[in-house]
Protein chains: 2
Amino acid sequence: MDNRKQRSERRTDALSRERIVEAAIEILDADGEAALTFRALASRLSTGSGAIYWHVADKGELLAACADAIVVPLMRIEVMAGEPREGIRLIALGIFDAIDRHPWVGSQLFREPWRFGMLQMFESVGARLLKLGVPDKALFDCVSALVSYILGVAGQNAANARMHPEGTDRSSLLAAVAARWEESDAEDYVAVRKMATQLRDHDDRAQFLAGIDLLLNGIAHLR
Amino acid sequence: MDNRKQRSERRTDALSRERIVEAAIEILDADGEAALTFRALASRLSTGSGAIYWHVADKGELLAACADAIVVPLMRIEVMAGEPREGIRLIALGIFDAIDRHPWVGSQLFREPWRFGMLQMFESVGARLLKLGVPDKALFDCVSALVSYILGVAGQNAANARMHPEGTDRSSLLAAVAARWEESDAEDYVAVRKMATQLRDHDDRAQFLAGIDLLLNGIAHLR
DNA sequence: ACCTGAACACCGTTCAAGT
DNA sequence: ACCTGAACACCGTTCAAGT
């Protein structure tokens, strides 16, 4: 996982799809989605902006390739050992953590829902649900629900990162929103007021896992 | 001479935030997110592109205002009559159907997660979960899970619409993907192969509701 | 084959100038 | 106060010309 190379780009290296994707990911991670332009990318690769088009069709394909480079390795189908529920939790957490590190992936996952990575994800989750005894008839709905939920959280994380890039003090931001929630009308906003405290000091990762467990719970009590 | 009355009678109404948002929504619905430019909007409103900036800060605010115009009315907190589970289903379906009609809303909901509409949604869902007997401590996690799931489906629908705009024959597209699923390796893709048939003739709306029910099921079996 | 970089068509946004 | 529309800085993409 930790293949941190020397940053000294040798200008003698030929351009390649992999080098382009690698550089693009560095830009995305460092400065966000808006910073990835063909000009910035070309300059980082010490080449002309047109050169990139020899290896990549357009910006959409470039972003998709970047997302695949992050997500597909996570989806490798491991031997089906271990408790299936735990396996699903680990798959979900793997995606959650990856998107935590690379928030731009979150917005990207929606674009090409039937790409290779998605197939892998359906298989990884589906196989484990089968092992849990989920009937064939309900399988697709259950897997879809889990995947949709994971993507929903991913998308929110990505949006969060886009709006509060890096430095923002998250806990004081949550505190501010929680304060607004607490001040809302006592009659019309009963539930929101009750949730304010939990909003203030919740942990995103734990909350994500709680949602996965709710779904697994619901799946276990099917029919 | 006072000519204000006269002006209000004229056919060309003054520009206003509402008229701008209304026209923007028409463009978004008709031709998608990429078609909404300040130039196109100005031309539809028979005005200069700079004029819009008098009423709207920038494009981000414009898109957010458009999304709010669709979503906020759905979130009106109705009297808490009726069965709570059914109420949550109706709220969720309302959002699903709205995003089905206006797919661009799906991608927009992620951007400003703590906007007014979101507060309303948390209250509408939260109040009903309280009525179901969900303990205060678990409330925020449960509401978050439901909202994340709804947003996840919304985002996927929006992406779908962006990729297959309007005319595409959905059922033959699903059939094509299902065929690929069926042809995948029999050993490595057991689950995917079992899901192929269901993928081919599933209904998005029913599947969405199935996911909501899984979550409600899981919530009901909390302890 | 691969790369260069100017050129093109388009964007969001600004702002002096008008009413 | 509100609107005009040219101008600016930037984009993705193309393509004749180079190696």
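Order of the sequence lines sets the chain letters (A, B, ...), proteins ahead of strands, with each chain counted from 1.
Side-chain atoms of A/E123 come within 3.5 Å of backbone N or O of B/V192 as a donor-acceptor pair. Under the 3.5 Å distance criterion, the side-chain polar atoms of A/Y149 are matched with a main-chain donor or acceptor of A/F208. Without hydrogens or angle criteria, A/R193 side chain to A/S184 main chain gives a donor-acceptor distance under 3.5 Å. B/R19 contributes a side-chain N or O that, together with a main-chain N or O of B/A14, makes up a donor-acceptor pair within less than 3.5 Å.
Atom P of nucleotide C/dG12 and atom OH of B/Y53 are separated by 7 Å, given to the nearest angstrom. One can place CD1 of B/I52 at 13 Å from P of D/dG5, the figure rounded to the nearest angstrom. When the C1' atom of C/dC10 is taken as reference, atom CG of A/D58 falls 16 Å away, rounded to whole Å. When the P atom of D/dA1 is taken as reference, atom CZ of B/R17 falls 19 Å away, rounded to whole Å. One can place CZ of B/R39 at 11 Å from C1' of C/dA9, the figure rounded to the nearest angstrom. Atom-to-atom, CH2 of B/W54 to C1' of C/dT13 comes out at 16 Å; the value is rounded to the nearest Å. Note: NE2 (B/H55) to P (D/dC2) measures 7 Å, nearest angstrom. Atom C1' of nucleotide D/dG12 and atom NZ of A/K59 are separated by 8 Å, given to the nearest angstrom.
Summary of the strand contacts: B/A51 and A/G50 both lie near DNA chain C, and taking for each the nucleotide with the nearest heavy atom, the more 5' one is attributed to A/G50. Map B/S16 and A/T37 each onto its nearest nucleotide of DNA chain D; the residue landing nearer the 5' end is B/S16.
Here C/dT13 is the nucleotide among C/dT13, D/dC3, C/dC3 with the atom lying nearest to any side-chain atom of B/F38.
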Item to check | Stepwise side chain to side chain contact (heavy atoms under 4.5 Å, CB included) test for B/H102 and B/Q108 | outcome: CA-CA 11 Å; B/H102 315 280; B/Q108 202 50 37; over 6 Å; no
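Among the protein residues, A/L36 comes within range of the sugar-phosphate backbone only, with heavy atoms under 4.0 Å from sugar or phosphate atoms but none that close to a base.
Across every strand in view, D/dC2 sits in a pair with C/dG18 that passes the Watson-Crick or G-U test at under 3.5 angstrom. Base pairing analysis places C/dC8 opposite D/dG12; the two distances defining the Watson-Crick or G-U wobble pair are each below 3.5 Å.
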